[in-house]
Each structure stands twice: as structure tokens, then as C-alpha cells.
Enquirer: 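So that we are looking at the same thing, I have put the structure below in C-alpha cells.
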Amino acid sequence: MQNKKRHPWINLISFLLFFFAFIIHYTDIVDISIKNAQPLIIIPLLTAFSIFNGAGVSAAVGLVIGIFMDSVSSGAVCFNAAVLMVSAAVVSVCAESLFNRNIRSAVLLCLLTSLFYFLLRWLCFYAFHTGAQENLTYLLSYVFPGILYTAVFVFPFYFLYKYFYKLINA
């Protein structure tokens with residue numbers, strides 16, 4: 001049986017990271033967008049968290065974050081909650097079963113999660129309301145740069161949660 005050390009401050013740090021990522025995204029205190037690319041830094045944070053945690057815990061955190069995102073956004077009744085919960089659970093299962101827990105896997109899983117989130121959001125909220133030219137412009141100007149820019153943020157979060165994982169399992 002594996003001995004796991006208890007570090008209650010790790011949960012506090014995780015909570016504060018999610019809280020500040022949420023605040024940064026939904027307020028205009030800090031603008032981290034570059035031209036049209038607006039990252040959603042909650043996705044790489046949730047991806048890095050899910051890589052080193054179980055599917056149940058990851059899904060619960062994704063659900064809670066999604067509920068908070070839905071509560072402040074207009075017109076997205078349980079969209080973020082469902083998508084982030086499923087994404088977190090899938091990332092956790094994939095990291096445990098299919099991928100190693102290395103940085104390449106983290107970047108790939110973050111890209112796939114971002115692609116899933118942004119394309120599903122585009123499909124649900126934008127695709128059928130505008131014409132083909134506007135859809136292509138939106139995808140090429142906002143969605144794909146946003147996906148790539150979002151994936152950049154997985155690096156610091158991955159190394160932080162890898163350090164936490166080593167502390168717990170040492």
C-alpha cells in the first residue's frame with residue numbers, strides 16, 4: 001500500500017489558484033489577451049489539476065468551476081458545468097490510462113481540452129446564428145488563436161501540480 005502524506009495547504013493553494021484564475025477571466029483587472037486571442041486560463045489549470053488527481057475529484061472540481069462560470073455568464077445554462085466536468089474526468093482517465101504524466105502529454109491534453117471547449121461553445125452559441133463567412137472569420141480570428149494561447153498556460157500549472165504530486169506521494 002502506498003503511503004500518502006497529508007498536506008492540507010495544497011488544497012488551499014489549489015482553491016486560491018482556481019479563484020484567481022476565475023477572477024482574472026471574469027474581471028477587467030488584468031487583461032492577458034493578445035489581439036483577438038483571449039485565453040481561458042481555467043482550462044489549463046483544470047487540465048494540470050486533473051492529470052495528477054483521480055477522475056472523481058477532477059470531475060467534481062470541473063463541475064464546481066463550471067457552475068461558477070455559468071452563474072456569471074449570460075445564456076449559458078449549465079454549458080460550462082457539463083463541459084468542464086466531462087473534460088476534467090476524461091483528462092484524468094486519459095492521464096492515468098493512456099498517457100504518461102509528462103509535459104508533452106499535458107500540452108496535448110490541454111490542446112484537446114481547449115479545442116473541445118471552444119469548438120463546442122462555437123457550435124452551441126455561434127455556428128447557427130451567423131453566415132458561413134462570419135463563422136470562418138470567428139474560427140480563424142478568435143477560436144484557434146485562443147486555443148493555442150490557452151495551451152501556453154499549462155506549463156507553469158503542470159510543474160506546480162507535479163511538485164505537489166511528488167510531495168504527496170513521497
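Heavy-atom basis, side chains included; hydrogens, waters and symmetry copies ignored.
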Enquirer: Got a second to check how far Ile43's CD1 is from Leu109's CG, nearest 0.5 Å?
Expert: 13.0 Å
Enquirer: Between Tyr142 and Phe118, is the ring centre distance below 6.0 Å?
Expert: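 No - the distance between ring centres of Tyr142 and Phe118 does not fall below the 6.0 Å cut-off.
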Enquirer: Does any N or O in the side chain of Ser87 come within less than 3.5 Å of the main-chain N or O of Val83, such that one atom is a donor and the other an acceptor?
Expert: yes
Enquirer: Do Tyr117 and Phe79 have side chains that approach each other closer than 4.5 Å (heavy atoms only, starting at C-beta)?
Expert: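 Answer yes - side chains close enough.
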Enquirer: Same hydrophobic cluster for Leu45 and Val86, using side-chain heavy-atom links shorter than 4.5 Å among ILVMFWY?
Expert: no
Enquirer: With rounding to the nearest 0.5 angstrom, report the CD1 to CZ distance, Ile42 to Phe157.
Expert: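 Answer for the CD1-CZ pair, Ile42 versus Phe157, is 9.5 Å.
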Enquirer: According to a 4.5 Å side-chain heavy-atom criterion applied to Ile, Leu, Val, Met, Phe, Trp and Tyr, with indirect links allowed, do Phe20 and Tyr161 form part of one hydrophobic cluster?
Expert: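 Cluster IDs for Phe20 and Tyr161 match.
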Enquirer: Quick check against the 3.5 Å criterion: does Thr47 have a side-chain atom that pairs as donor or acceptor with the backbone of Cys110?
Expert: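 Judged by distance alone, no pair lies under 3.5 Å.
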Enquirer: Are more than 12 heavy atoms, taken from residues, nucleotides or ligands other than Phe144, located less than 6.0 Å from that residue's CZ atom?
Expert: yes
Enquirer: From Ser14 OG over to Leu46 CG, what is the distance, rounded to the nearest 0.5 angstrom?
Expert: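 Reported to 0.5 Å precision, the distance equals 11.0 Å.
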Enquirer: With ring pair (Phe, Tyr, Trp, His ring centres under 6.0 Å) as the test, pick out the partner of Phe49 among Tyr165, Phe18, Tyr158, Phe15.
Expert: Phe18
Enquirer: If you look at every heavy atom in Ser58 and Ser92, which pair is closest and at what distance?
Expert: OG-CB, 3.8 Å
Enquirer: Would a hydrophobic clustering, with Ile, Leu, Val, Met, Phe, Trp and Tyr connected at side-chain separations under 4.5 Å, put Val152 with Leu160?
Expert: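 No.
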Enquirer: Given the rule that I, L, V, M, F, W and Y join up when any side-chain heavy atoms are under 4.5 Å apart, are Val91 and Leu17 in one cluster?
Expert: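 Hydrophobic grouping puts Val91 with Leu17.
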Enquirer: Are Tyr26 and Phe22 close enough that their ring centers fall under 6.0 Å?
Expert: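 Centroid distance Tyr26-Phe22: below 6.0 Å, so yes.
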Enquirer: For Ile24 and Ile29, run side chain to side chain contact (heavy atoms under 4.5 Å, CB included): C-alpha distance rounded to whole Å, both residues' side-chain angles, the deciding distance at 0.1 Å, then the answer.
Expert: CA-CA 7 Å; Ile24 287 172; Ile29 295 171; over 6 Å; no
Enquirer: Quiz question: by atom type and distance under 3.5 Å, do the side chains of Ser105 and Asn102 form a donor-acceptor pair?
Expert: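 Their side chains do contain a donor-acceptor pair, which is all the 3.5 Å distance test asks for.
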Enquirer: Arg101 side chain to Glu96 main-chain N or O, any donor-acceptor pair under 3.5 Å?
Expert: no
Enquirer: Hey, what do you get for SG (Cys78) to CE (Met69), rounding to the nearest 0.5 Å?
Expert: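 Going from SG on Cys78 over to CE on Met69, the span is 13.0 Å.
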Enquirer: Rounded to the nearest 0.5 Å, what's the gap from CG on Asn80 to CZ on Arg121? Could you check?
Expert: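 With rounding to 0.5 Å, CG (Asn80) is 8.0 Å from CZ (Arg121).
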Enquirer: Supply the atom-to-atom distance Leu84 CG to Phe116 CZ, rounded to the nearest 0.5 angstrom.
Expert: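 Answer for the CG-CZ pair, Leu84 versus Phe116, is 9.5 Å.
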Enquirer: Donor-acceptor pair, Thr150 side chain versus Leu40 backbone, under 3.5 Å?
Expert: yes
Enquirer: When you group the ILVMFWY residues by side-chain heavy-atom contacts below 4.5 Å and let the links chain together, are Phe155 and Ile41 in the same group?
Expert: yes
Enquirer: Quickly, which of Thr137, Val143, Leu139 forms a side chain to side chain contact (heavy atoms under 4.5 Å, CB included) with Ser141? Name it, please.
Expert: Thr137
